[in-house]
Amino acid sequence: MGQIVSSYDILPESTDIDLNTVIETIPKVLPEGVKLLETKIQPVAFGLMKVNAGFAIDDSIDTIGTDLENALTSIPGIQNVECVSSTNY
């Protein structure tokens with residue numbers, strides 16, 4: 001059993017979405033085998049901000065990447081989720 005550390009950009013539908021609420025929601029929706037390591041709010045463009053979140057992922061679960069992306073996309077106000085980096089440990 002190994003670990004993957006991945007970083008995801010979580011993009012809101014609009015500038016009206018409260019990203020602090022999104023950050024508070026992330027731990028509640030995570031699938032089994034995923035641990036939240038850190039979050040930060042970063043600018044995208046034209047006043048739009050995104051959440052960048054780091055996760056430790058148990059790679060013994062075949063569907064874990066899809067499960068995580070589906071969980072993050074299920075957060076109200078989230079338009080898109082993108083894995084921006086991934087490292088195996």
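The figures that follow rest on heavy atoms only: side chains count, while hydrogens, waters and symmetry mates do not.
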request  = Please list, chain by chain and in numerical order, all residues satisfying side chain to side chain contact (heavy atoms under 4.5 Å, CB included) with Thr63, sequence neighbours excluded.
outcome  =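 Counting only residues at least two positions away or on another chain, Thr63 forms a side chain to side chain contact (heavy atoms under 4.5 Å, CB included) with Ile61, Asp67.
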Tell me, please, which residues at least two apart from Ser86 pass side chain to side chain contact (heavy atoms under 4.5 Å, CB included).
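Applying side chain to side chain contact (heavy atoms under 4.5 Å, CB included) to Ser86 gives Ile4, Ser6, Cys83.
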**Prompt:** Do you know the tightest heavy-atom contact between Ile10 and Ile78?
**Reply:**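 It is CG2-CD1, 3.5 Å.
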Note to self: Show every side-chain hydrogen bond (donor to acceptor under 3.5 Å, both in side chains) that has at least one partner inside residues 70-83, sequence neighbours left out.
What the structure shows: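 Pairs touching residues 70-83 that pass the test: none.
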For this session: Any side-chain hydrogen bond (donor to acceptor under 3.5 Å, both in side chains) involving residues 8-21? Give me the pairs, sequence neighbours left out, ordered by first then second residue.
Result: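 Sorted pair list: Asp9-Lys50, Asp9-Asn52, Asp18-Thr21.
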Among residues two or more places apart or on two chains, list those pairs meeting ring-ring contact (aromatic ring centres under 6.0 Å, His included) that have a residue in [range].
range: residues 19-38; result: none
range: residues 56-75; result: none
range: residues 18-44; result: none
range: residues 24-48; result: none

Quiz: residues 26-42 side-chain donor-acceptor pairs under 3.5 angstrom, not counting sequence neighbours:
none

How many angstroms lie between CD in Gln3 and CG in Asp58, if you round to the nearest 0.5 Å?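 The CD atom of Gln3 sits 6.0 Å away from the CG atom of Asp58.
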Subject >> Members besides Val44 in its Ile/Leu/Val/Met/Phe/Trp/Tyr cluster (side-chain heavy atoms under 4.5 Å) >> reply: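 Taking Ile, Leu, Val, Met, Phe, Trp and Tyr as members, Val44 shares its hydrophobic cluster with Leu11, Leu48.
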